[in-house]
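As C-alpha cells, the structure follows; a few thoughts come after it.
Every heavy atom of this structure was used, including side-chain atoms; hydrogens, water molecules and symmetry mates were not. In listed order, ligands and their atoms are each counted from 1. Numbers here simply count residues along the sequence, with the first being 1.
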Amino acid sequence: MTLHISDTRTGEKRPFTPLDETVRIYVCGMTPKAPPHVGHGFMFVHMDVVRRYLEHRGYKVRHLQNFTDIDDKIIDRARAIGQDPLEYAEEQTRAYFEVLDRLRVRHAHEYPTVTGSMAEIVEAVQHLIDRGVAYATSQGVYFSVPDFPSYGCLSGRTEELGVEAGARVEVDPEKRDPRDFALWKLAPDDEIGWDSPWGRGRPGWHIECSTMIHTAFGNQIDIHGGGADLIFPHHENEIAQSEAATGESPFVQHWMHTGLLQTDGEKMAHSAGNYTTLADVLQVVEPDVLRLFFLSVHYRTAMGFSMEALQPSAAAYERLRGIMRARGGDTSGDAETLAAASTDAQREFEAAMDDDFNAPRAIGALFELGRSINRAAPSATPGAVADAQDRLRQLLGVLGVEVTEDPADAADAAPYIELLVEIRGMAREARQWELADRVRDRLADLEVVLEDTPDGTIWRHTTPTDP
Ligand SMILES: [Zn+2]
C-alpha cells in the first residue's frame, strides 16, 4: 500500500511521491492577534499528525509555519490597550506556543515572520511588477488577476471580493480590475510601516506565504496545509503570485485543507466572536482527550464543537488508561494471540493512515487491539501483554496521543505510597528482608519504583524508558 493524499486543486486522491529527498510542508500559521481557539487546535493537530505519520513512514520532513506578526487587526488591538504592535504580537505568539505545546503539537523547523521577511517580500513584489503581472498605484501595488489565466484553479471562484470585512481602506480608484488584490499597501504616517520603492507601507497578507515558501523551499512544495476557509482568496492568490513569479506549475503537489470547526452551526472564528480558546478547554479536559476528539473525524470534515461533545473522547481516553493497566495473568500462558493482534492492528492502522490520513479509522484499529489486550490478559503471559501495550503506545504516539496517569489518581495515591515506603524502611532496619522485598516488588507491579539513596528511599512512577 502506498500513501495516498488528497489535493484540493485537482480534487484527486493521488499516490504521494515527494519532489525531493526531504518532504517540504508549509502550513499557514497564526495571525497572533488573540489567543488560539479550538478551531486553530483542530487544524494544527491534524497537520501535526500528517507530519508525525510521514516521519513514521520513514520520510524526512521539513515543516515551515508562518506568523503574520503585523496586520491591521494587530495594530488596532495593540493601539486599544496602548501597546506597541510588535510587542503585542510577540506576546500572543508566546501564548500560542504555551497552549500548542500542551497539546503536543510539535514545533515546525522554522517559523518565518512577516517582519523578519520584509526584504524578501519587497523583492518578490518587485519581481511580479517586472514580470508584468503587478502594477503600482498611488496607494500601493496590486496583482493583476487578468494577467494570470489560471486564476480560480483552486477554488473555482473568480469573483471580486469587494472590500474585505473590517478593512479600513477605501477601494483604490486606480485599481484596474476589481479582482486585483494588494501586494503592498501604503501606511498612514502614524502607523507602523516599512520603506519600499512604492512608499512606506506594509505587505498584503497573501504575498508573505508565497515569499516565505519560495525563500525556504524554491518553486515547488509537496504539501501546503491550512483551514478550508483559506482556499479563497488566500490560497488562490498564493498560487497566482507563486506561479506567475516562477512560471512553474503546480506550485503545490497536495493542497491539504482541514474542515472548519463549527459552534452552533457556525464557523468558529475570532472575527465572529463565537470562539472558545484552547486554554479554556484545557482547563477542563486533558490535552490528550482534546487530541482524541479532533482525531475522531477525518481532517477534511467539518466538526461540531461543544464541551459536551468532548465526553465520548474523555471516556475513550479512560478506556485507554484501563487497557494500559492490564497485566498478564499466566506466566506459562498464551503469547501468540496478542502478538498476532498487534501485527494486525499495525497493518490496519497504517492502511487507514495511508488512505489520506484516515485518523478515525486508525484509532478504531487501536481500540480493537485494546479490546484484544483486555480479553487475552488473564490467560496471557505478562510479557505478551506488555509487548502489545508497547505496540499500542507506539502507534498512539504516531497520533501524538500519550496515555498518562490520571493526575487525580496519582495525587490520591501519594500518601499511601509514602506509608508503604516507611514500613519497608522499618522492615529493613529490623532485618526483615523478605517483607522489605515484598513491599518493593508489589509496588513495582503497581508501577512505582523505589530507589535507595544515601539520603533515604525515594519513589517515582515508572516511565516508558524504564526497563
Ligand atoms: Zn498563508
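In this structure, R176 satisfies the cation-pi test against Y135, with its NZ or CZ atom closer than 6.0 Å to the six-membered ring centre and inside 45 degrees of the ring normal.
For the Zn ion (ligand 1), the set of nearby N, O or S atoms under 2.8 Å includes none belonging to H235.
Taking the Zn ion (ligand 1) as reference, the nearest N/O/S atom within E238 carries the name OE2. Nearest N, O or S atom of H234 to the Zn ion (ligand 1): atom NE2.
Scored by the side-chain contact (heavy atoms from CB on, under 4.5 Å) test, E87 finds Q83, D84 as partners (sequence neighbours excluded).
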Derivation of the salt bridge (Lys or Arg N to Asp or Glu O under 4.0 Å) call for D71 and K73: CA-CA 6 Å; D71 89 331; K73 285 180 192 129; 5.4 Å; no
Which pairs of donor and acceptor atoms, one on a side chain in residues 218-229, lie under 3.5 Å apart (sequence neighbours left out)?
from: N219; atom 1: OD1; to: H214; atom 2: NE2; distance (Å): 3.1
from: N219; atom 1: ND2; to: E248; atom 2: OE2; distance (Å): 2.7
from: Q220; atom 1: NE2; to: P250; atom 2: O; distance (Å): 2.8
from: D222; atom 1: OD1; to: L19; atom 2: N; distance (Å): 2.8
from: D222; atom 1: OD2; to: R24; atom 2: N; distance (Å): 2.8
from: H224; atom 1: NE2; to: E238; atom 2: OE1; distance (Å): 2.7
from: H224; atom 1: NE2; to: E238; atom 2: OE2; distance (Å): 3.4
from: D229; atom 1: OD2; to: K267; atom 2: NZ; distance (Å): 3.1

